[in-house]
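Encoded as structure tokens, the structure appears first; notes follow it.
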Amino acid sequence: MTWIDVSQPLHADVATWPGDTTFSYEIAWSMAESGSVNVGKMTLSLHLGTHIDAPFHFDDHGKRVIDLDPSLYIGPVRVIHLPHKVKIEASDLDGHDLTGVERLILKTDGWPDKRVFPETIPELTPSLADRLGELGIFLIGLDLPSVDAIDSKEMSAHHALARNGVHILEGLVLDNILPGDYDLNAVPLPIVEGDGSPVRALLRPIL
């Protein structure tokens with residue numbers, strides 16, 4: 001089966017967290033100047049578009065991107081659909097058989113227009129984080145820019161997920177993805193000091 005790209009394209013108009021670094025790309029060294037090649041330069045936030053959060057993002061003593069095992073982001077994943085939520089609770093997983101699932105993606109439909117940064121999003125709750133930990137799930141992905149509310153300062157979902165050993169993949173594009181089982185490849189860049197990293201997230205249906 002063909003891999004499906006579920007990452008946001010990076011361009012000048014990609015939605016950026018208010019106040020964060022916007023995306024820019026330019027030719028820093030053109031063929032006319034070099035005589036042989038174009039060499040580009042880009043500037044962006046590490047939390048732009050589709051990205052992972054390293055624990056250092058919300059914990060000064062947390063792991064940086066380079067410390068994370070790439071295999072967290074490669075392997076089987078279950079996609080479930082949880083639309084029309086304000087908060088996502090542990091009870092929202094009731095009725096979903098997650099036995100043996102280690103990576104879980106939530107399709108929330110809570111950010112319908114990726115060209116515009118949302119004013120509000122469904123937020124993950126500590127009860128959900130605890131349930132994920134109990135189930136042995138170590139990666140949560142979702143189609144939102146954050147696991148917490150947009151105006152959160154406490155970052156309670158981030159911290160609760162970390163306490164339960166659950167890593168975070170945000171900003172997925174799941175409009176055309178049906179619930180089910182997939183292979184996932186969403187490896188971050190090896191940024192030594194990074195608190196996060198953009199990823200090229202890919203899904204492939206498991207038949």
Side-chain angles (χ1 to χ4, degrees), residues 3-11 14-17 20-23 42-80 88 101-108 110-111 114 117-118 121-124 126 128-129 132-133 135-150 152 155-174 177 182-204:
W3 288 96
I4 305 167
D5 194 341
V6 291
S7 49
Q8 297 181 50
L10 296 178
H11 51 77
V14 68
T16 307
W17 197 284
D20 202 357
T21 305
T22 58
F23 180 87
M42 67 178 178
T43 303
L44 76 163
S45 166
L46 296 182
H47 298 270
L48 188 72
T50 308
H51 65 278
I52 64 101
D53 285 353
F56 179 62
H57 178 50
F58 49 91
D59 179 357
D60 280 339
H61 304 289
K63 289 184 177 182
R64 316 266 179 144
V65 174
I66 198 68
D67 302 317
L68 302 175
D69 185 346
S71 66
L72 292 167
Y73 310 98
I74 306 173
V77 64
R78 174 76 51 81
V79 177
I80 65 174
I88 302 177
V101 172
E102 295 179 322
R103 301 171 188 84
L104 180 65
I105 288 176
L106 306 180
K107 180 179 178 179
T108 72
W111 186 10
K114 296 290 192 296
F117 197 84
I121 57 172
E123 60 183 283
L124 275 57
L128 177 73
L132 296 176
L135 291 168
I137 292 170
F138 55 71
L139 180 70
I140 188 70
L142 64 171
D143 52 358
L144 303 171
S146 178
V147 295
D148 275 295
I150 297 297
S152 174
M155 307 291 278
S156 58
H158 281 82
H159 287 287
L161 290 166
R163 285 196 303 272
N164 284 281
V166 183
H167 297 268
I168 301 168
L169 170 62
E170 297 168 333
L172 294 165
V173 181
L174 303 174
I177 300 299
Y182 296 82
D183 286 318
L184 170 71
N185 190 326
V187 180
L189 300 172
I191 305 173
V192 173
E193 299 295 330
D195 61 292
S197 171
V199 301
R200 183 79 178 265
L202 305 172
L203 292 176
R204 181 172 61 185

Inset, instruction - Tell me, with the steps shown, if His158 and Val147 meet side-chain contact (heavy atoms from CB on, under 4.5 Å). - result: CA-CA 7 Å; His158 281 82; Val147 295; 3.4 Å; yes

Inset, instruction - Any chance you could measure Leu106, atom CG, to Ile88, atom CD1, to the nearest 0.5 Å? - result: 5.5 Å

Legend entry - Arg200 atom CZ, over 12 foreign heavy atoms within 6.0 Å: no

Legend entry - side chain to side chain contact (heavy atoms under 4.5 Å, CB included) involving Val187 - partner list, sequence neighbours excluded: Pro70, Ile74, Asn185

Legend entry - Residue pair Leu104, Ile80: steps toward the side-chain contact (heavy atoms from CB on, under 4.5 Å) verdict: CA-CA 8 Å; Leu104 180 65; Ile80 65 174; 4.2 Å; yes

Inset, instruction - Check each of Val79, Leu172, Leu184 against Val6 using the side-chain contact (heavy atoms from CB on, under 4.5 Å) test, and report the only one that passes. - result: Leu172

Inset, instruction - Taking the side chain as every heavy atom from C-beta outward, state whether Lys114 and Asp143 have any pair of such atoms under 4.5 Å apart. - result: yes

Legend entry - Any side-chain heavy-atom pair of Ser156 and Asp148 under 4.5 Å: yes

Legend entry - Backbone of Gly171 reached by a side-chain donor or acceptor of Thr50 within 3.5 Å: yes

Legend entry - Heavy-atom closest pair, residues Ile52 and Pro188: CG1-CB, 3.7 Å

Inset, instruction - Under the side-chain contact (heavy atoms from CB on, under 4.5 Å) rule, what do Leu132 and Leu161 come out as? Steps first, then yes or no, please. - result: CA-CA 8 Å; Leu132 296 176; Leu161 290 166; 3.8 Å; yes

Inset, instruction - Evaluate the side-chain proximity of Leu48 to Asp20: yes if any heavy-atom separation is below 4.5 Å, no if none is. - result: no

Legend entry - Value rounded to 0.5 Å, distance of CD in Glu170 from CG in Asp53: 4.0 Å

Legend entry - Distance-minimising heavy-atom pair for Thr16 and Thr21: CG2-O, 3.4 Å

Inset, instruction - Working to the nearest 0.5 Å, report the span between CG of Leu142 and CD1 of Ile105. - result: 9.0 Å

Inset, instruction - First locate atom NE2 of His167, then atom CG of Asp69, and finally report the distance between them rounded to the nearest 0.5 Å. - result: 8.5 Å

With a cut-off of 3.5 Å and sequence neighbours excluded, list every side-chain donor-acceptor pair involving residues 56-63.
from	atom 1	to	atom 2	distance (Å)
His57	ND1	His47	NE2	3.2
His57	ND1	Asp195	OD2	3.3
Asp59	OD1	His61	N	2.9

Legend entry - Ser197 (side chain) donor-acceptor with Leu189 (main chain) under 3.5 angstrom: yes

Inset, instruction - Check whether any side-chain N or O of Arg103 sits under 3.5 Å from a backbone N or O of Pro76 as a donor-acceptor pair, and report yes or no. - result: yes

Legend entry - Sub-4.5 Å side-chain heavy-atom contact between Leu68 and Pro55: yes

Legend entry - With sequence neighbours excluded, residues passing salt bridge (Lys or Arg N to Asp or Glu O under 4.0 Å) with Arg163: none

Legend entry - Glu193 backbone acceptor or donor facing Arg64 side chain under 3.5 Å: yes

Legend entry - Rounded distance [0.5 Å steps], CD in Gln8 versus CZ in Phe23: 12.0 Å

Inset, instruction - Mind listing the closest non-hydrogen atom pair of Asp183 and Trp3 along with its distance? - result: O-CZ3, 3.5 Å

Legend entry - Closest contact, heavy atoms only, Trp111 versus Phe117: NE1-CA, 4.3 Å

Legend entry - Any Tyr73 side-chain heavy atom under 4.5 Å of Val199 side chain: no

Legend entry - Shortest non-hydrogen contact between Ile121 and Ser146, atoms and distance: CD1-O, 3.5 Å

